[in-house]
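Inspection log for the structure reproduced underneath, given as structure tokens.
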Amino acid sequence: MYSAEENYLTNILVEGEIVTEAQVEDAKGQRKGTESIIETLIRTGHAKESDVARCCAVNYGMEYVDLTHVTPAKEIVDMVKLEDARRYAMVPIGFDQNRLEIAISDPFDTDTIDSLNHVLGYDVDPRVSSHEQINDAIGRWYDEAIGGADADSDMVVISESSGSDSSSGETGANDAPVIKLVGQILKESFNAGASDIHIEPLEKSVRVRYRIDGVLHEVANHPRNLLSSIIARIKIMTGAMSIAEKRLPQDARIQLRLGDKDLDLRVSTIPTNHGESVVMRILDKSALNLGLAQLGFLSDDQATFEQLITLPDGILLVTGPTGSGKTTTLYACLNYINKPDRKIITVEDPVEYQMSGINQVMVKEDVGMTFAAALRSILRQAPNIIMIGEIRDLETASIAINASLTGHLVFSTLHTNDAPSAVARMADIGVKRFLIASAVRAIIAQRLIRKLCSECKTPGQLNDREIKALSLDAAQLNDSTIMTPNGCVKCRATGYKGRAGIFEIFEIDDEVRHMVNENLSTPQLRRQAREIGMRTMREDGIRKVLSGMTSASEVIHVTMSDVN
């Protein structure tokens, strides 16, 4: 089945004598997957991309531009951000009387042309060029933004295979343009401060998005026919994935040296209805050097936290949903207490960062190395401190509690929404309440908030809705430094750059232990926690709003469920 648009385009190409009807019929028989008939004509050599673009331009009454002979001034290139150029597959080529002249590849996409008027802030005057030439122009004109023509010249792939996998029939995986494109994606994402990269197959394109400060940003759309080559290149870089297997999910990692930085990328692929989707999580080893203050602790909470993590025994739990920074907090704890006179062993699934001076054990359930099995063994290694990536079941929880009761300090995580709920969660797993009361020393719940960009934030005021939502009084507002986001080049016009934690620290005292033993409810535990001084995450966030670290809207959004 072919859409009306495809039939219209092929008729244009036949009338323009770019292809014959016989070639169109031949291309229909060679069409692959969701490939458009035009893409098939170009792939099979029946048509050149530049000739297709030229013919479409003439039919639509627009000017065709050969970008190989165009070099706009830098100030014109700077009028369009790199991510917009990639997202909309367009480049600026001139500016005249408040009209920005741009080159696009699809003159029939009037919706995109209309959107560009709003996105770019100018009336656009579109011309037509081929997608190939537009991609090449982006690479040349935005040279500085993407790290130069040799974007991967200072990037070394430590884990890359020797290339034996490339014989599986996949084409393009080792082509220089594909290698360069993947290198640019990796380098640009790191320079942008992304935490992960999403490469997603759509019906007619390949979308690239970066998650920056917890928010996804679309940065590029590539031709659909590049998907298999991009995926194959990434799989080869892992040295462990099969490029022939497209029906099952795969997981691996890539080790990179980018300049003087060592990076680990956790790579995950999964088949979707339009092809394989890839997510690469960027693990920057410089995060290991984070101090407690850099996590977002204010001075009083930091002092409490430092006291807790230097206790001789007991369990310290860090709770929160996936992506709330629990693992980063645990690594910062280990970094703080890692001394030559202490033996520290971790059990993780997987080992995200390799830390010097710490014995790290990776869970491998397929060979029987579960959390519980690993814990039973490492207790015979006589550690002082144990970190368990996550308490998932009764066996793991029981061993962790026994370890804490026999003189070990144990760090671990749980998935709960707040600190007092961790008690009920442990009980649900099957741990007896008297053991919870005896072993757990403190529970820290956390979320991540975006910090205001230090380059462009400006003094401001809270509106009535924000004041009411945060329950602020005049005295708090008078003694505050309220700042508001604006947006600049450094923060990609978002007004925010970097993230910090907001915390609630629930210390377990004798009264709380008694309440846990008596099987009192989570709301009752929460009220007691408040009475002995626990601040909620929203209250901690309010302090960071009043200090100018973040905005009221950010705290309200992140702590929507915390209204007490």
Side-chain angles (χ1 to χ4, degrees), residues 2-3 5-71 85-93 101-110 112-113 126-142 171-173 175-182 184 201-208 220-230 233 275:
Y2 302 97
S3 66
E5 180 183 342
E6 286 184 308
N7 287 329
Y8 178 63
L9 288 172
T10 54
N11 288 338
I12 288 174
L13 297 181
V14 171
E15 291 174 5
E17 299 182 349
I18 304 299
V19 296
T20 65
E21 291 185 358
Q23 289 173 326
V24 172
E25 291 303 315
D26 178 64
K28 288 179 179 179
Q30 297 191 51
R31 188 177 183 181
K32 293 182 178 180
T34 59
E35 190 177 57
S36 73
I37 188 66
I38 304 301
E39 290 171 336
T40 307
L41 285 167
I42 294 170
R43 177 177 58 79
T44 55
H46 292 320
K48 293 181 180 179
E49 191 174 346
S50 57
D51 290 338
V52 172
R54 194 187 306 270
C55 183
C56 291
V58 171
N59 184 269
Y60 214 74
M62 296 172 66
E63 179 184 344
Y64 174 82
V65 177
D66 185 347
L67 294 179
T68 60
H69 304 300
V70 176
T71 306
R86 285 183 168 171
R87 179 179 182 182
Y88 295 102
M90 50 76 64
V91 287
I93 55 177
E101 298 172 2
I102 62 171
I104 60 174
S105 61
D106 186 358
F108 302 99
D109 190 356
T110 55
T112 294
I113 295 172
R127 310 284 197 271
V128 179
S129 188
S130 70
H131 206 296
E132 181 182 25
Q133 287 195 9
I134 288 173
N135 277 341
D136 181 65
I138 290 173
R140 288 185 288 114
W141 301 350
Y142 289 90
T171 60
D175 291 347
V178 173
I179 293 174
K180 179 180 175 182
L181 175 60
V182 173
Q184 287 174 354
L202 304 180
E203 186 177 0
K204 295 184 178 180
S205 63
V206 181
R207 179 172 66 180
V208 180
N221 271 287
H222 297 294
R224 183 69 176 72
N225 57 11
L226 288 180
L227 175 65
S228 60
S229 297
I230 293 172
R233 172 59 185 161

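Owing to the predicted nature of the structure, the values given are computational and were not obtained by experimental measurement. Residue indices begin at 1 and follow the sequence shown.
In this structure, CD on Glu132 lies 10.5 Å from NZ on Lys48, to the nearest 0.5 angstrom. How far NE2 of His222 is from CD1 of Ile230: 5.5 Å, rounded to the nearest 0.5 Å. Summarising the geometry, atom CD1 belonging to Ile138 is positioned 8.5 Å from atom CE belonging to Met90; distances are rounded to the nearest 0.5 Å. Once rounded to the nearest 0.5 Å, the distance linking NE2 of His46 with CG of Leu13 reads 12.5 Å. For the atom pair CD1 (Ile179) and CZ (Arg233), the distance works out to 4.5 Å, reported to the nearest 0.5 Å. For the atom pair CG of Leu202 and CG of Asn221, the computed distance is 6.5 Å after rounding to the nearest 0.5 Å.
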Assess whether side-chain contact (heavy atoms from CB on, under 4.5 Å) is satisfied between Ile93 and Leu67, documenting all intermediate values. CA-CA 9 Å; Ile93 55 177; Leu67 294 179; 3.9 Å; yes
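Nearest heavy atoms, Pro223 versus Asn135: CD-ND2, 3.7 Å. When all heavy atoms are compared, the tightest approach of Gly275 to Leu227 is CA-CD2, 4.2 Å. Closest of all the heavy-atom pairs between Ala137 and Val91 is CB-CG1, 4.3 Å. The two atoms that bring Ile104 and Pro126 nearest to each other are CD1-CB, 4.1 Å, heavy atoms only. The two residues Val19 and Val24 make their nearest non-hydrogen contact at CG2-CG2, 3.8 Å.
Residues passing the side-chain contact (heavy atoms from CB on, under 4.5 Å) test with Ala53 are Tyr64, Val128, Ser130, sequence neighbours excluded. Looking at residues two or more places apart in sequence or on another chain, you find no salt bridge (Lys or Arg N to Asp or Glu O under 4.0 Å) involving Asp26.
Between the side chain of Ser129 and the backbone N or O of Ile134 there is no donor-acceptor pair closer than 3.5 Å. Side chain of Glu49 to main chain of His131: a donor-acceptor pair is present (N/O by atom type, distance under 3.5 Å, no hydrogens or angles).
Applying the salt bridge (charged side-chain N to carboxylate O under 4.0 Å, His left out) definition to pairs two or more places apart or across chains, those involving residues 52-69 are Glu63-Arg127.
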